[in-house]
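Every chain is numbered from 1, with letters handed out A, B, ... down the list of sequences.
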There are 2 protein chains.
Amino acid sequence: MSLTADAADQPTLYKRIRADIQKRILTGEWPPGHRIPFEHELVARYGCSRMTVNKALSELAQADLIERRRRAGSFVRRPQHQSAVLKIADIRAEITALGRSYGYELIGRKLRAATAADRDRLGVKKAGKVVAITCRHSADKVPFAVEDRLIDLSSVPNAATADFSREPPGSWLLHHVPWTEAEHTISAIVADDRTAEALDIAVGAPCLVIDRYTWRSARTITAVRLLYPGDSHRLVARFKGG
Amino acid sequence: MSLTADAADQPTLYKRIRADIQKRILTGEWPPGHRIPFEHELVARYGCSRMTVNKALSELAQADLIERRRRAGSFVRRPQHQSAVLKIADIRAEITALGRSYGYELIGRKLRAATAADRDRLGVKKAGKVVAITCRHSADKVPFAVEDRLIDLSSVPNAATADFSREPPGSWLLHHVPWTEAEHTISAIVADDRTAEALDIAVGAPCLVIDRYTWRSARTITAVRLLYPGDSHRLVARFKGG
DNA sequence: TTGACTTATATGTCTAGACATATAATCGTA
DNA sequence: TACGATTATATGTCTAGACATATAAGTCAA
């Protein structure tokens with residue numbers, strides 16, 4: 001849910017109620033722990049039916065802005081800094097959004113039986129076939145990120161014959177694999193020789209690393225490591241709040 | 001909203017409907033673009049009123065799992081890897097969760113009129129007073145992160161007299177400032193002399209950087225930079241999906 | 001004072017309707 | 001054929017009720 005502030009000028013009543021309450025919470029007028037009016041009080045104030053205020057309050061509860069307790073009422077929750085929404089855009093989209101030209105280059109592609117290291121990386125026990133892909137994304141002909149990917153062919157058989165020389169594997173997967181879950185791990189390293197050369201930076205320069213592990217219903221799809229020059233690239237995570 | 005899978009065994013009907021549909025989407029049985037049954041079809045299948053299936057579908061739409069279009073129907077959305085939930089835990093909580101002992105140490109605290117650099121960092125135009133704090137968090141007596149923070153006193157006046165020698169400013173703010181919004185920027189740097197010494201790592205070692213900028217209703221609260229040894233610390237972001 | 005029982009109440013879910021509204025599809029006309 | 005007007009329809013919102021259920025608060029006995 002977005003719950004962006006300006007629902008106040010929305011024509012529908014439940015959105016107005018939701019926005020009114022949200023505003024009071026975000027401005028601090030109703031601090032954490034404060035009991036917001038009972039449903040029947042809001043019904044009286046807005047002159048509407050209970051289902052309408054219930055819908056507004058349910059959405060605020062889903063957004064973790066309030067907590068609802070039977071018999072007790074609804075209460076403003078404590079802010080939760082620890083949870084932020086991180087947008088990890090498709091690299092092409094990210095580059096074109098910056099008004100720069102996107103470039104893609106396949107560096108290597110290998111089809112092989114999974115080695116012990118591959119199985120470890122994919123988090124699978126059984127051996128099977130995998131595709132290993134190394135490629136590079138660039139912005140205005142300048143290296144932007146290098147990608148090192150492993151695709152589990154037992155989950156995505158047709159990746160064996162896909163042409164990754166023109167289409168990046170990330171975008172191919174997005175179009176050929178339905179809903180998935182993913183886990184991203186972010187860390188920092190310094191560039192080794194190979195990385196430095198691929199990104200055209202100095203050996204020892206900082207790099208931001210995103211490891212993404214993707215699966216669907218307990219089935220591994222792919223594991224990918226993205227390396228960005230650390231001083232030029234930034235990830236932005238926004239807390240949902242307002 | 002969590003929308004965790006096992007709503008199937010929930011006793012309430014709308015949750016069962018929601019879980020049934022979600023399962024078909026996540027397993028790929030209903031791929032992206034697939035039109036899910038119309039509300040009136042689900043009403044017939046489950047033998048309930050339209051409001052009940054509407055509630056189930058509305059929640060799936062809020063979770064971005066489906067898209068609803070008037071006159072056309074409801075459709076399974078394309079997976080959106082780019083949006084992940086990043087948990088940036090309170091440092092103390094993070095360390096104690098690992099079963100290690102938390103240590104805190106105030107390195108420096110200054111109260112001053114905002115310099116041009118301060119105003120830039122806080123994103124404010126007018127001059128005012130600020131508190132600048134430098135401190136260190138450690139796990140089992142080993143440096144874990146160094147924190148460099150600026151608090152805008154025009155927004156949080158009582159931070160001027162708060163005792164940050166024992167309580168970390170992050171936790172103090174969490175208890176003294178209600179709901180806020182925040183933006184996190186993640187990048188990588190290599191340690192300079194000062195950082196290397198504070199974190200007890202080598203000069204030139206990689207560091208993960210989190211810059212957090214916090215405000216409330218367009219009012220700046222604080223700006224903080226957290227530096228972690230890059231090879232030991234990892235941030236994990238999980239995609240919301242299932 | 002403590003513990004067990006009862007009661008009152010706010011939320012949770014659900015119904016069978018209603019009208020509004022955006023828009024895909026159709027039809028008619030230039 | 002292309003374009004504009006009309007119509008059908010799925011979703012969006014809302015109502016005025018209903019019963020279920022968890023639980024805070026009060027009651028009473030040990």
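- Remark: A:R92 is not positioned above the aromatic ring of A:Y104, lacking an NZ or CZ atom under 6.0 angstrom from the ring centre and at most 45 degrees off the axis.
- Within residues 46-55 of chain B, the residues having any heavy atom under 4.0 Å from DNA chain C are, by residue number, B:C48, B:S49, B:R50, B:M51, B:T52, B:K55.
- Across residues 66-73 of chain A, A:R68, A:R69, A:R70, A:R71, A:G73 each have a non-hydrogen atom less than 4.0 Å from an atom of DNA chain C (numbered order).
- Along DNA chain D, read 5' to 3', the first and last nucleotides having any atom under 4.0 Å from a heavy atom of chain B are D:dA8 to D:dC14.
- Applying the ring-ring contact (aromatic ring centres under 6.0 Å, His included) criterion to A:W30, with sequence neighbours excluded, gives A:H34.
- For the pair B:I91 and B:L226, the minimum side-chain heavy-atom distance is below 4.5 Å.
- Using a 4.5 Å cut-off on side-chain heavy atoms (C-beta onward), A:H137 and A:E105 make no contact.
- Under the side chain to side chain contact (heavy atoms under 4.5 Å, CB included) test applied with B:T220, the options B:V124, B:T214, B:V156 reduce to a single match, B:V124.
- Using a 4.5 Å heavy-atom cutoff, the side chains of A:R24 and A:L26 are not in contact.
- Evaluation of the side-chain contact (heavy atoms from CB on, under 4.5 Å) rule for A:H40 yields A:F38 as partners, not counting sequence neighbours.
- Counting only residues at least two apart or in different chains, salt bridge (Lys or Arg N to Asp or Glu O under 4.0 Å) contacts with residues 35-54 of chain B comprise B:R35-B:E41, B:E39-B:R50, B:E39-B:R68.
- With contacts defined as side-chain heavy-atom distances shorter than 4.5 Å, the pair A:D148/A:V146 does not qualify.
- Between A:E94 and A:I88 the shortest side-chain heavy-atom distance does not fall below 4.5 Å.
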